[in-house]
Engineer: 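The structure that follows is given in the form of structure tokens.
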Amino acid sequence: MKIATFNINGIKARINALPEWLDEAQPDVVVLQEIKSVDDAFPREIFEDRGYNVETHGQKSFNGVAILSKLPLEDVRRGLPGDDSDEQARWIEATVVGKTAVRICGLYLPNGNPVELDDAGQPVEGGKFAYKLAWMDRLHARAAELLELEEPALMAGDYNIIPQEEDCKRPKGWWGDALYRPESLAAFRRVLNLGYTDAFRMRNQAPEQYSFWDYQAGAWNKNDGIRIDHFLLTPDCADLLLDCQIDAHVRGRDKPSDHVPVWVELDA
DNA sequence: ATGGCGGCGTTACGCCGA
């Protein structure tokens, strides 16, 4: 089973690039982030015509996630539990049954910039960085629950986290940003420490492997990127991992997203 | 090098992202 994650930065803007990549990569399941569309405006026919079932969790203008799957999507849930007042569409999950059932979660973790701290060094309540950390607390709680399921599970998406120095071309330039600073990395490691595996680093130790390049300043041409799109696997799911790759070449095409697809192949 | 690009909503720029 080939499962991909792709932050498309707007479904309307990627109306050609996304089907082109789907047709060549032929993933069985895709989790999408930043569809920037309400559910009713999502062009589901484009994907249904290619044999995908479509489940969206959208909102107007910003955020928005979706799952496309050639296999039926069972027990679909929308929204990350833990805060009923959170109206941002950043989480969707469903079960897909191939040789075995896999619980698949698609996520768009808050960016967190600008980092606002009070005089005591604590995130300012109501600020974007505080929202990021609170969201990661909820992610930790859901991640712990997934470990208790009787099926392999994974959480894939745009984490807006640079896990380590080697996941970034200019670590000194990024240090202190909400994507790469102590509080963010500690929250990410806290999820990993539950027993999750970063699928890409399980299969690939090469340097300069990125999944995002800014549109500005010729970042793609300089390979000035960061690796922030991740697959975290439960131990049962990691046992099924066959491969994990980044389709970086997609970034060089016409009208690209600033992110590229990342995918895993599971023996599932 | 915290904004040089691009998407969105709206229709001239402001907000947002990373």
Side-chain angles (χ1 to χ4, degrees), chain A residues 5-19 21 32-43 56-66 86-91 106-117 123-124 126-133 135-136 139 156-185 187-188 208-230 246 248 250-262:
Chain A
T5 178
F6 192 1
N7 180 325
I8 56 174
N9 190 20
I11 184 61
K12 288 182 272 297
R14 232 54 65 202
I15 205 69
N16 294 317
L18 177 56
W21 169 76
L32 301 174
Q33 300 90 40
E34 287 205 87
I35 64 173
K36 295 187 175 179
S37 163
V38 294
D39 295 332
D40 287 345
F42 191 84
T56 61
H57 180 40
Q59 70 178 85
K60 190 176 178 181
S61 302
F62 305 115
N63 309 318
V65 290
D86 184 1
E87 297 185 348
Q88 299 192 31
R90 296 179 175 275
W91 180 273
L107 67 98
Y108 176 44
L109 204 150
N111 172 303
N113 285 306
V115 176
E116 296 178 280
L117 305 177
V124 172
K128 293 190 175 181
F129 190 54
Y131 176 66
K132 177 175 194 158
L133 296 179
W135 203 94
M136 294 185 80
L139 173 65
D158 177 358
Y159 279 74
N160 272 316
I161 290 285
I162 300 168
Q164 301 191 95
E165 186 173 338
E166 56 264 40
D167 297 315
C168 154
K169 181 82 159 192
R170 296 178 295 103
K172 288 190 177 71
W174 280 98
W175 185 247
D177 189 279
L179 279 63
Y180 189 50
R181 58 180 294 115
E183 304 91 330
S184 307
L185 299 190
F188 186 68
E208 302 196 352
Q209 302 294 304
Y210 309 128
S211 66
F212 169 91
W213 298 259
D214 200 293
Y215 288 120
Q216 300 182 73
W220 165 246
N221 289 327
K222 294 185 286 192
N223 196 25
D224 180 7
I226 54 181
R227 192 175 72 89
I228 57 175
D229 298 271
H230 308 302
I246 301 175
V250 173
R251 186 65 177 79
R253 294 183 172 168
D254 286 342
K255 290 274 290 178
S257 172
D258 41 7
H259 295 251
V260 296
V262 182

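Lettering of chains follows the sequences in order, A, B, ..., and the numbering in each one begins at 1. Small disclaimer: the values here were computed from a predicted structure and weren't measured.
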Engineer: Let me know the distance between CG of A/N113 and P of B/dC15, rounded to the nearest Å.
Structural biologist: 17 Å
Engineer: Using a 4.0 Å heavy-atom cut-off, does A/Y108 contact any base of the nucleic acid, only the sugar-phosphate backbone, or nothing at all?
Structural biologist: sugar-phosphate
Engineer: Where are the stems of DNA chain B, defined as at least 3 consecutive Watson-Crick or wobble G-U pairs with both distances under 3.5 Å?
Structural biologist: B:5-9 with B:13-17
Engineer: Pick the C1' atom in B/dC16 and in B/dT2, then give their distance to the nearest Å.
Structural biologist: 14 Å
Engineer: What's the closest nucleotide to the side chain of A/K128 if the choices are B/dC8, B/dC16, B/dA18?
Structural biologist: B/dC16
Engineer: Give the intermediate values and the outcome of side-chain contact (heavy atoms from CB on, under 4.5 Å) for residues A/W174 and A/D167.
Structural biologist: CA-CA 11 Å; A/W174 280 98; A/D167 297 315; over 6 Å; no
Engineer: With a non-hydrogen cut-off below 4.0 angstrom, is A/R170 in contact with a base, only sugar-phosphate, or nothing?
Structural biologist: nothing
Engineer: Determine the Euclidean distance between corresponding P atoms of B/dC15 and B/dT10; express it in Å to zero decimal places.
Structural biologist: 15 Å
Engineer: Counting only side-chain heavy atoms from C-beta out, which of B/dC8, B/dG9, B/dA18 sits nearest to A/A13?
Structural biologist: B/dC8
Engineer: Given atom CD of A/E34 and atom P of B/dC16, what is their separation to the nearest angstrom?
Structural biologist: 13 Å
Engineer: Decide whether A/K128 and A/N113 meet the rule of one side-chain donor and one side-chain acceptor closer than 3.5 Å.
Structural biologist: no
Engineer: Atom CG of A/N9 to atom P of B/dA18: distance rounded to whole Å?
Structural biologist: 8 Å
Engineer: Over all strands shown, is A/D158 touching base, sugar-phosphate only, or nothing at heavy-atom distances under 4.0 angstrom?
Structural biologist: sugar-phosphate
Engineer: Are A/F212 and A/D214 side-chain neighbours, meaning at least one heavy-atom pair lies under 4.5 Å?
Structural biologist: yes
Engineer: If you assign A/K12 and A/I226 each to the DNA chain B nucleotide with the nearest heavy atom, which residue ends up on the more 5' nucleotide?
Structural biologist: A/K12
Engineer: Taking the six-membered ring of A/F129, is NZ or CZ of A/R181 closer than 6.0 Å to its centre and within 45° of its axis?
Structural biologist: yes
Engineer: Which one of A/K169, A/R170, A/Q216 satisfies the side chain to side chain donor-acceptor pair (under 3.5 Å) criterion with A/D224?
Structural biologist: A/R170
Engineer: Tell me: NE2 of A/H230 to C1' of B/dA18, nearest whole Å?
Structural biologist: 13 Å
Engineer: Identify the residue among A/T5, A/N9, A/N7, A/N160 that makes a side chain to side chain donor-acceptor pair (under 3.5 Å) with A/Q33.
Structural biologist: A/T5
Engineer: Can you tell me, in whole Å, how much space there is between the C1' of B/dA18 and that of B/dA1?
Structural biologist: 15 Å
Engineer: Please state whether the rings of A/F188 and A/H230 are parallel, tilted or perpendicular, taking 30° and 60° as the class boundaries.
Structural biologist: tilted
Engineer: Distance check, P atoms only: B/dG3 and B/dC8, in whole angstrom units.
Structural biologist: 24 Å
Engineer: Tell me what A/K255 touches on the nucleic acid: a base, only sugar-phosphate, or nothing, going by heavy atoms under 4.0 Å.
Structural biologist: sugar-phosphate
Engineer: Would you jot down, in residue-number order, the residues of residues 209-220 of chain A having a non-hydrogen atom under 4.0 Å from DNA chain B?
Structural biologist: A/F212, A/Y215, A/Q216, A/A217
Engineer: Take atom CG of A/D177 and atom C1' of B/dA1, then tell me their distance rounded to the nearest Å.
Structural biologist: 14 Å
Engineer: Nearest-nucleotide wise, let me know which of A/N111 and A/K222 is further upstream toward the 5' end of DNA chain B.
Structural biologist: A/K222
Engineer: Whole-Å distance between B/dT2 P and A/D224 CG?
Structural biologist: 12 Å
Engineer: Return the nearest nucleotide to the side chain of A/S61; candidates are B/dG17, B/dG9, B/dG7.
Structural biologist: B/dG9
Engineer: I'd like to check A/L139 versus A/Y159 (side-chain heavy atoms, cut-off strictly below 4.5 Å). Are they in contact?
Structural biologist: yes
Engineer: Report the C-alpha separation of A/I228 and A/D158 in whole Å, then their side-chain angles, then the decisive distance to 0.1 Å, and conclude whether the side-chain contact (heavy atoms from CB on, under 4.5 Å) test is met.
Structural biologist: CA-CA 6 Å; A/I228 57 175; A/D158 177 358; 3.8 Å; yes
Engineer: Quick one: A/Q88 CD to B/dC8 P, roughly how many Å, whole number?
Structural biologist: 17 Å
Engineer: Expressed in angstrom and rounded to an integer, what is the separation of A/N7 atom CG from B/dA18 atom P?
Structural biologist: 6 Å
Engineer: Quick one: which of B/dA18, B/dG9, B/dG7 gets closest to the side chain of A/F62?
Structural biologist: B/dG7
Engineer: Might you confirm whether atom CD of A/E208 has over 12 heavy atoms from other residues, nucleotides or ligands at distances under 6.0 Å?
Structural biologist: yes
Engineer: Can you tell me if A/Y131 and A/D86 form a side-chain donor-acceptor pair at under 3.5 Å?
Structural biologist: yes
Engineer: Can you check whether A/H259 has a side-chain N or O nearer than 4.0 Å to OP1 or OP2 of B/dG17?
Structural biologist: no
Engineer: Taking only the side-chain heavy atoms of A/K60 (C-beta and beyond), determine which of B/dT2, B/dC16, B/dT10 contains the nearest atom.
Structural biologist: B/dT10
